[in-house]
Undergrad: 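Questions regarding the structure given below will be posed in turn.
Remember, predicted model here, so these are calculated numbers, not experimental data.
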Amino acid sequence: MEMPDPELNPPQAEAVAHVEGPLLVFAGAGSGKTRVITYRIANLVARERVAPWRILAVTFTNKAAGEMRARLERPDMLGAVAKDLWVGTFHATCAKFLRLYPEAIERTKGFVIYDGTDQKAVVTRALRDLDLDEKRYAPKQVLGRIHKEKQEGRGPEEMSLDSYLDDAIKKAYVRYEQALKAANALDFEDLILGVVRILEADKSGQYPVEVLQAKEALEKKFDYILVDEFQDTNTIQYRLLQRLAARTRNLCVVGDDDQSIYRWRGADVRNIRGFRRDYADAKVVKLEQNYRSSKRIVSSALAIIASSATREPKELWTDNGDGSPVRVIATADERDEAACVVRAVKDARDAGISPREIAVFYRVHAQSRVLEEALRSVNIPYQIIGGAKFYERAEIKDAIAYLRVLVNPRSDVDMLRIINTPPRGIGNTTVERVATYASTQGFSIFQALERLDDFAEDVGSAPKKRLGQFRELMRGLINEAKNRPPADVLRMVLAKSGYKSVLDAEDSAEAEGRLENLAEFEGSMHDYATEAQARGEEPTLEGFLERVTLQSDTDNMSEQEKITLMTVHGAKGLEFELVLLTGMEEDMFPYRNQEPRNAEEMDEERRLAYVAVTRARKHLVITHARQRQIFGTTRLGVPSRFVGDLPPNVIEHLETPAARSAGSAGRWIDRGSSGGFGDHTAPTSSRPRTGGGASAPASSRSWQHPQRGAAATSEDGGGWGAGPSVHRKPAAPARQPGERFVELDEDAGGSHGNVRLRRGMPVTHERFGRGEVLQVVQSSDPAVVAFFPGWGEKKVLARFLRFG
DNA sequence: GCTAGCCCCCTTTTT
DNA sequence: GGGGGCTAGC
């Protein structure tokens, strides 16, 4: 078992060779981070003779974990001994440990993990039980708050009560926790928090022996801990790491503050600074050489991230060649954009680029449909990551609910889901009665059914009979499920519950689709069984269910000859030869729904754009549309401020014919000298490229950098709603990055700047004074028909109005 | 008790 | 545009 002799640059080698004590690695995009982590692990095992099972490597996704393990298992790395490493996500790792000591967190062996939908169902019930108005306390909001508290490591008792609503939220939190415990269930946060609580138990005598035993085992468990994507850890995860590493302090964290894109779900970049504070003696290594992308791509990325407010000082650079220009293509609308993507993909394929090396990114899933349609219509194979999730389809959730009840009959969320699915004459009223009886007696639904006679007077004789039949069905299934392969259990459940026959009888395309999905689901159970056996594990229903809940969309990415469509978030950690970044318009990317973004949110959008751009190795194509239909409305779009940030000397502006005829003046622009694949966008009629700054002629598509400098100062969207823009040229028909656009509702609404318009909304016009919107007129320069007292109905351009 | 239709809302999403 | 949740009416 010899260490490979990798070619590492000096900082990489430094990080790999570091053995004892804390280590902080700043790993710029494409700087060979994965390589450093794997080599470091190999070094620990092969050279430092550390037992592999005493090393924990935490990754961001299961896929990343699988790849890391696969690399380490290669014969030229560690080979078979790598199997003993603990490699996994925070959640999978904690679940694995808690399965060993479920009593320490007041659960039993078969505990289930509730996903977001299940969690929401529990909260909704809790709110109902507490008689809290669902309007005032939206389940989603309350759940969000509970998560936040948990991510910060606070139970209901430690909650800070800031507003008058918090009292109720605290009650809901308490109830939620009770319900999970009663159901022998955990949510995602519980996995982390549970382990932290074990580790933080003291010997004061108030903790049961199970907890102290688990604590002792866990404290001794790991000698070396490595964490990838550290910038996206949250408070509780960082606390977990600190506790796990308390004994040895051999904690190595790897991250890049510029790629922190999960603040909205609790991730805290400040953990990086916290690490420096908490481990003042930590060795700090910066990986700044990018091996992935061309110079043009790297400088584009740097230009985007440069104006981010808080950054660790570092400079990404590359030795790679200039590469082909970054193409920025103006398109007429989302269909034209999709057509443009199709052409680019075809050209790339013709140029010999493998489809698996091509990715199409967008900011929100809603953008994917049009792209999918376009690709399908020309038979370009694609895979789409995320979006309508397979496991969230009703029939799959139903099947999972049945399976989970078999493993864990106390799981009420699941019982409530299947008790009348397929319809078996047990209506809401009956279900509510059972649920009420159960909760007042402290029973689970299933336990309540076992005591059906005790509350028989509450339900009529017919419902009682049906409840009895359902109970017998479930008893039978539980019995027969024992010692059967998971896929067999599923087939049995679908047959005996009547689920399959109901779908069979329906004879509709929709039912057909559901049956296909269930067949696919069964296939995934077979896959799981095969994989488990390959690892030398017994395939179990519990194991399968855990995998289903803890797996991510990217985990299912295939290596087929297909191009990949995904959100920018999904693209983290990946790389492609060609990246097509679509929808680069203000308010699409940076995305904004209703509220204006604050500076922090804008910074996160910026980092997201940085992540998107740095995924590309050789070619980067950025598209934007002048007009876009999304969420049922048409928006007029101006190029994203991030496009405006790109250095003029690396980009090439192009325009589709449709964009040209639809939009303002402008022509195909092509330097002719551009490398890269096909030149589909380049009719020969070209005029000199606009470049060199603000002196570009106003009539051309000169928006690439008309207001450099100004844009940087209005970073948080200060121009929005703050009256006429401070950094745009109002006279030019060509719109500027950062300029406001108008969103039009079908007949009566829309938004202008950060204002969402409705019919009847008050507006103010400089000459006509205050009025009321009657109609919105969609055109390249949108207008409204409004009624102004004293003037009557007037059609005025939206950009001359103030709203309110 | 069931279901058709209506209304509302809409980031990103791991796990 | 489309999915999910709720209501009203059968």
Undergrad: Expressed as a whole number of angstroms, how long is the span from Arg592(A):CZ to dT11(B):P?
TA: 15 Å
Undergrad: Could you work out which one of dC2(B), dC6(C), dT11(B) sits closest to the side chain of Pro423(A)?
TA: dC2(B)
Undergrad: Starting at CZ of Phe589(A) and ending at C1' of dT12(B), how long is that distance when rounded to a whole Å?
TA: 10 Å
Undergrad: Using distance alone, with no hydrogens and no angle criterion, decide if Glu337(A) and His624(A) have a side-chain donor and acceptor under 3.5 Å apart.
TA: no
Undergrad: Could you please name the option among dT13(B), dG2(C), dT11(B) that lies closest to any side-chain atom of Thr567(A)?
TA: dT13(B)
Undergrad: With a 6.0 Å cut-off on ring centres, are Phe544(A) and Phe521(A) close enough?
TA: yes
Undergrad: Among dT13(B), dG1(B), dT11(B), find the nucleotide with the atom closest to the side chain of Trp264(A).
TA: dT13(B)
Undergrad: For Gly116(A), which contact category applies under a 4.0 Å heavy-atom criterion: base, sugar-phosphate, or nothing?
TA: nothing
Undergrad: Nearest-Å distance, CZ (Phe60(A)) to P (dT14(B))?
TA: 8 Å
Undergrad: Closest approach to the side chain of His569(A), judged atom by atom: which nucleotide of dT14(B), dT13(B), dG5(C) is it?
TA: dT13(B)
Undergrad: Which one, dT13(B), dG2(C), dT11(B), comes nearest to the side chain of His365(A)?
TA: dT13(B)
Undergrad: Could you give the NZ-to-C1' distance, from Lys465(A) to dG1(B), as a whole number of Å?
TA: 17 Å
Undergrad: Give a yes/no verdict on a cation-pi contact between Arg265(A) and Tyr262(A), requiring under 6.0 Å between NZ or CZ and the six-membered ring centre and an angle within 45° of the axis.
TA: yes
Undergrad: Let me know the distance between CD1 of Ile385(A) and P of dT14(B), rounded to the nearest Å.
TA: 10 Å
Undergrad: Holding to salt bridge (Lys or Arg N to Asp or Glu O under 4.0 Å), I want the full list of residues that pass it with Arg417(A), two or more places apart in sequence or in another chain.
TA: Asp398(A)
Undergrad: If every non-hydrogen atom of Leu191(A) is compared with every non-hydrogen atom of Leu98(A), which pair is closest and at what distance?
TA: O-CD1, 3.6 Å
Undergrad: Contact class for Arg363(A) vs. all strands (heavy atom < 4.0 Å): base, sugar-phosphate, or nothing?
TA: base
Undergrad: Give the nucleotide from the list dG5(C), dC10(B), dT14(B) with an atom nearest to the side chain of Arg265(A).
TA: dT14(B)
Undergrad: Given atom CD of Glu601(A) and atom P of dT12(B), what is their separation to the nearest angstrom?
TA: 15 Å
Undergrad: When we call it a touch if two heavy atoms are under 4.0 Å apart, what does Asp115(A) touch: a base, just sugar-phosphate, or nothing?
TA: nothing
Undergrad: May I ask you to evaluate whether Thr429(A) reaches the phosphate of dG1(B), defined as a side-chain N or O under 4.0 Å from OP1 or OP2?
TA: yes
Undergrad: Just N and O in the side chain of Thr430(A): are any of them under 4.0 Å from OP1 or OP2 of dG1(B)?
TA: yes
Undergrad: For the residue pair Phe642(A) and Tyr610(A), is the inter-centroid distance of their aromatic rings smaller than 6.0 Å?
TA: no
Undergrad: Reading DNA chain B from 5' onward, which residue's closest nucleotide shows up sooner: Gly427(A) or Val364(A)?
TA: Gly427(A)
Undergrad: To the nearest Å, give me how far apart CZ (Arg417(A)) and C1' (dG5(C)) are.
TA: 13 Å
Undergrad: Which sits closer to the 5' end of DNA chain B, Asn420(A) or Thr89(A), going by the nucleotide each is nearest to?
TA: Asn420(A)
Undergrad: Between dT13(B) atom P and Glu604(A) atom CD, what is the distance in whole Å?
TA: 12 Å
